[in-house]
A.B. asks: 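One structure follows; several queries about it will come next.
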Amino acid sequence: MEEGRRAHMAIVSWACTALCLVSCAAAFSQGASPSACTDMMPRHLRAQLHSPSNNYVTVHTNMSFYSPGDKVPVTVRSSRDFMGFLLQARKVSNDEIAGTFIFIPPGSKLLTCFEDGDTVTHSDKSLKRNLSFVWKAPDQPIGDIKFL
């Protein structure tokens, strides 16, 4: 009887773990969690970070400077298909998130990290390669920015 109870406990434990893992993995198919806002690290299973030496994703903009309130086109390009992403503009001086995205492509959605629309993430598991966005600079000068 004791052996049967252990086997039952092991199966129940395995089932609970499997359900937890499935629900955790499924939760991120619709975008990054707000817990990724600060360090931009995925918090889900099967996330494969790529090494900077094998970087196949690039972020482009056609503007080398901007003024407060400007709308800046931003393109994310990849030589390989990908499903998930998280995009932010940050101040070079202190790494704070800055500005908001006012245009996002299909398959993406706005995420609020510190203010509405300051971050963009994927909204589905569709394969992506080239994505275009428009970022709006804050109304006050903030200095140099970088897109991550």
A.B. asks: Report the residues that fulfil side chain to side chain contact (heavy atoms under 4.5 Å, CB included) with Asp144, sequence neighbours left out, ordered by chain and then residue number.
C.D. replies: Val92
A.B. asks: Can you tell if the side chain of Thr119 reaches within under 4.5 Å of the side chain of Thr112, non-hydrogen atoms only?
C.D. replies: no
A.B. asks: What pairs meet the salt bridge (Lys or Arg N to Asp or Glu O under 4.0 Å) rule with one or both residues in residues 67-78, with sequence neighbours excluded?
C.D. replies: none
A.B. asks: Which heavy atom of Ile142 sits nearest to which heavy atom of Ala98, and what is that distance?
C.D. replies: CD1-CB, 3.3 Å
A.B. asks: Partners of Glu96 by salt bridge (charged side-chain N to carboxylate O under 4.0 Å, His left out), sequence neighbours excluded?
C.D. replies: Lys91
A.B. asks: Would you say that Val57 contacts Val76 through its side chain, given a criterion of any heavy-atom pair below 4.5 Å between the two side chains?
C.D. replies: yes
A.B. asks: Enumerate donor-acceptor pairs with a distance under 3.5 Å from any side-chain N or O in residues 62-69 to protein atoms, sequence neighbours excluded.
C.D. replies:
residue : atom : partner : partner atom : Å
Tyr66   : OH   : Gly143  : O            : 2.5

A.B. asks: Would Val74 end up clustered with Tyr56 when hydrophobic side chains under 4.5 Å apart are linked, directly or stepwise?
C.D. replies: yes
A.B. asks: Are the side chains of Trp135 and Thr100 in contact, using a 4.5 Å heavy-atom criterion?
C.D. replies: no
A.B. asks: The criterion is side chain to side chain contact (heavy atoms under 4.5 Å, CB included); which residues satisfy it with Phe103, sequence neighbours excluded?
C.D. replies: Val134
A.B. asks: Do Val59 and Thr75 come within less than 4.5 Å of each other through their side chains, counting heavy atoms only?
C.D. replies: no
A.B. asks: Under a 3.5 Å distance rule, please check whether Arg90 uses its side chain to pair with a backbone N or O of Ile145 as donor and acceptor.
C.D. replies: no
A.B. asks: Name all residues meeting the side chain to side chain contact (heavy atoms under 4.5 Å, CB included) criterion together with Lys128; count only those two or more places apart in sequence or in a different chain, and write none if there are none.
C.D. replies: Phe82, Phe85, His122, Asp124, Ser126, Leu131
A.B. asks: Measure the spacing between NZ of Lys146 and CG of Asp95 and express it to the nearest 0.5 Å.
C.D. replies: 4.0 Å
A.B. asks: Taking all non-hydrogen atoms of both residues into account, name the closest pair between Ser108 and Val120 and its distance.
C.D. replies: CB-CG1, 3.9 Å
A.B. asks: Strictly distance-based, threshold 3.5 Å: is any side-chain N or O of Asp118 a donor or acceptor partner for the main-chain N or O of Gly99?
C.D. replies: no
A.B. asks: Measure the shortest side-chain to side-chain distance between Pro73 and Phe133 over non-hydrogen atoms and say whether it is less than 4.5 angstrom.
C.D. replies: no
